[in-house]
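Reviewing the structure listed below.
Below, read A as the first sequence line, B as the second, and so on, with proteins coming before strands; counting in each chain starts at 1.
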Amino acid sequence: MEYRKLDKSFYAREDTVKIAKELIGKYLLTDIDGEGVTGGKIVETEAYLGAIDKASHGYGNRKTERNKNLYKAGGYAYVYFIYGMYYLFNVVTGKENNADAVLIRAIEPEIGLDIMLKRKEKAGRGKGGANGGINRITSGPGLLTIALGINLRHNGIPVCEGKEPEKLNIWLEDRNVNIAGKDVIETPRVGVGYAAEHALLPYRFKIKGNKWVSR
DNA sequence: CGTTGGATCTTCT
DNA sequence: GAAGATCCAACGC
């Protein structure tokens, strides 16, 4: 069976929470600077609902230089830098001028392990010891971007058209992995306590018992 | 074990 | 000038 790249119609829908849930079990892949294909299965996501969501960078339709890519139509990457150290990768959803997006929080590394390990060592993350490097190589939103080679260069590029700069490819695929509904856990988001009541909504999804979810 | 602080940059107040 | 959609290592119990 052939792997199917997710296209615009997948991201352009209006129910971002549903998209976040459906992304569990899909594959996130990159091919950067000719280093080869890297990626794996998505095991954790979070939905951010733009204008009505205090935790979103697009709350109240605030528009700035930094978050302008949030307002693109579904199917674009929104990457931004945080804590002086990490890039976080989101995929924009919904229609143009709607600031909805899904944050990819963790993947299960499967493709291009050696390349991802090399990137992690290069970034000086973790002990890199006997197996210290591999165990949490993509288990968290700040880590998976390191492993996949994602940074601000990718902010605003499309993830569903193959025609972008050849050394700067990010896309998502359906590899026919079906995660049973009972194995997907919904929880409140983390790290957004300032968002008050919005922090409590169950917009975070992860695969139950999966070793690669963030902590 | 659990908790804490440091790293270090962008954005908005 | 402060705080953030984070991670890790060093500490204290």
Side-chain angles (χ1 to χ4, degrees), chain A residues 11 16-17 19-21 23-24 28 42-72 76-94 98-109 116-117 119-156 159 170 185-206 211-215:
Chain A
Y11 306 103
T16 298
V17 175
I19 296 173
K21 190 167 185 175
L23 280 174
I24 299 289
L28 173 63
I42 296 172
V43 299
E44 186 171 347
T45 63
E46 276 182 11
Y48 283 85
L49 298 192
I52 61 166
D53 185 353
K54 280 185 193 166
S56 165
H57 291 168
Y59 177 57
N61 278 325
R62 201 170 65 234
K63 201 164 185 177
T64 67
E65 182 59 29
R66 172 219 214 180
N67 72 13
K68 63 182 180 186
N69 289 315
L70 265 183
Y71 294 87
K72 286 184 186 273
Y76 286 85
Y78 172 50
V79 181
Y80 77 98
F81 195 62
I82 191 141
Y83 298 132
M85 294 206 116
Y86 298 105
Y87 301 102
L88 269 57
F89 173 75
N90 303 249
V91 56
V92 177
T93 61
N98 170 319
D100 286 15
V102 175
L103 169 68
I104 309 297
R105 290 191 52 86
I107 68 174
E108 178 171 335
M116 294 196 284
L117 262 182
R119 288 191 183 124
K120 188 177 181 187
E121 283 167 16
K122 202 166 155 192
R125 310 302 307 162
K127 286 231 188 278
N131 73 355
I134 190 75
N135 281 333
R136 298 200 62 248
I137 185 170
T138 53
S139 302
L143 294 179
L144 73 89
T145 53
I146 293 172
L148 296 183
I150 295 173
N151 57 40
L152 281 182
R153 290 185 301 164
H154 306 94
N155 192 13
V159 297
I170 303 178
I185 307 179
E186 307 179 12
T187 69
R189 294 172 295 190
V190 294
V192 294
Y194 61 89
E197 69 274 19
H198 298 277
L200 300 176
L201 299 172
Y203 287 171
R204 181 183 186 193
F205 301 96
K206 58 184 177 183
K211 170 185 175 190
W212 299 99
V213 300
S214 69
R215 58 182 191 192

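The phosphate of dT6(C) has neither OP1 nor OP2 within less than 4.0 Å of any side-chain N or O from R215(A). A close approach under 4.0 Å does not occur between any side-chain nitrogen or oxygen of Y86(A) and OP1 or OP2 of dT6(C).
Rounded to whole Å, atom P of dG4(C) lies 17 Å from atom CG of N67(A). Between R136(A) atom CZ and dT6(C) atom C1' the separation is 10 Å, expressed in whole Å. The CG atom of L143(A) sits 11 Å away from the P atom of dT6(C) (whole-angstrom rounding). Atom-to-atom, CG of L88(A) to P of dC9(B) comes out at 17 Å; the value is rounded to the nearest Å. Whole-Å rounding puts the R189(A) CZ to dG4(C) C1' distance at 15 Å. One atom, NE2 of H57(A), and another, C1' of dT10(B), lie 11 Å apart when rounded to the nearest Å. Put simply, CG on N69(A) is 16 Å from P on dT10(B), counting in whole angstrom units. The distance from atom OH of Y78(A) to atom P of dT10(B) is 14 Å, rounded to the nearest whole Å.
A distance-only check finds no donor-acceptor pair linking the side chain of R215(A) to the backbone of S139(A) [under 3.5 Å]. Judged purely by atom type and a 3.5 angstrom limit, S56(A) has no side-chain atom pairing as donor or acceptor with the backbone of Y48(A). Side chain of N90(A) to backbone of Y78(A): a donor-acceptor contact under 3.5 angstrom is found.
As judged by a 4.0 angstrom heavy-atom cut-off over every strand, N90(A) is placed among the base-contacting residues. The residue F81(A) sits close only to the backbone: its heavy atoms come under 4.0 Å of sugar-phosphate atoms, none of a base. Within the 4.0 angstrom heavy-atom criterion, only backbone atoms of the sugar-phosphate kind lie near G142(A); the bases stay farther away.
When the P atom is used for both dT13(B) and dA5(C), the distance is 14 Å, rounded to whole Å. Comparing the same atom, P, in dA3(C) and in dG5(B) gives a spacing of 15 Å after rounding to whole Å.
T93(A) and A101(A) get closest at one heavy-atom pair: OG1-N, 3.7 Å. Scanning all heavy atoms of the two residues, the minimum distance from R62(A) to N67(A) falls at O-ND2, 3.0 Å.
Under 3.5 Å, the side chains of H154(A) and Y87(A) contain no donor-acceptor pair of N or O atoms.
When the options V17(A), T45(A), I42(A) are evaluated for a side chain to side chain contact (heavy atoms under 4.5 Å, CB included) with V102(A), the one that passes is T45(A). Residue E186(A) forms a salt bridge (charged side-chain N to carboxylate O under 4.0 Å, His left out) with just one option from K206(A), K21(A), R204(A), and that option is K21(A).
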- Message: Just to be sure I follow the notation: if a pair is Watson-Crick (purine N1 to pyrimidine N3 plus N6-O4 or O6-N4) or a G-U wobble (N1-O2 and O6-N3), each under 3.5 Å, what dot-bracket string does DNA chain C give, with | for pairs to another strand?
- Response: ||||.|||||||.
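When each of dA5(C), dC8(C), dA7(B) is scored by its nearest atom to the side-chain atoms of Y80(A), the top-ranked nucleotide is dA5(C). Closest approach to the P141(A) side chain among dG4(C), dC7(C), dA7(B) is made by dC7(C) (side chain taken as heavy atoms from C-beta onward). Listed nucleotides: dC7(C), dT6(C), dA5(C). Nearest to the side chain of Y83(A): dT6(C).
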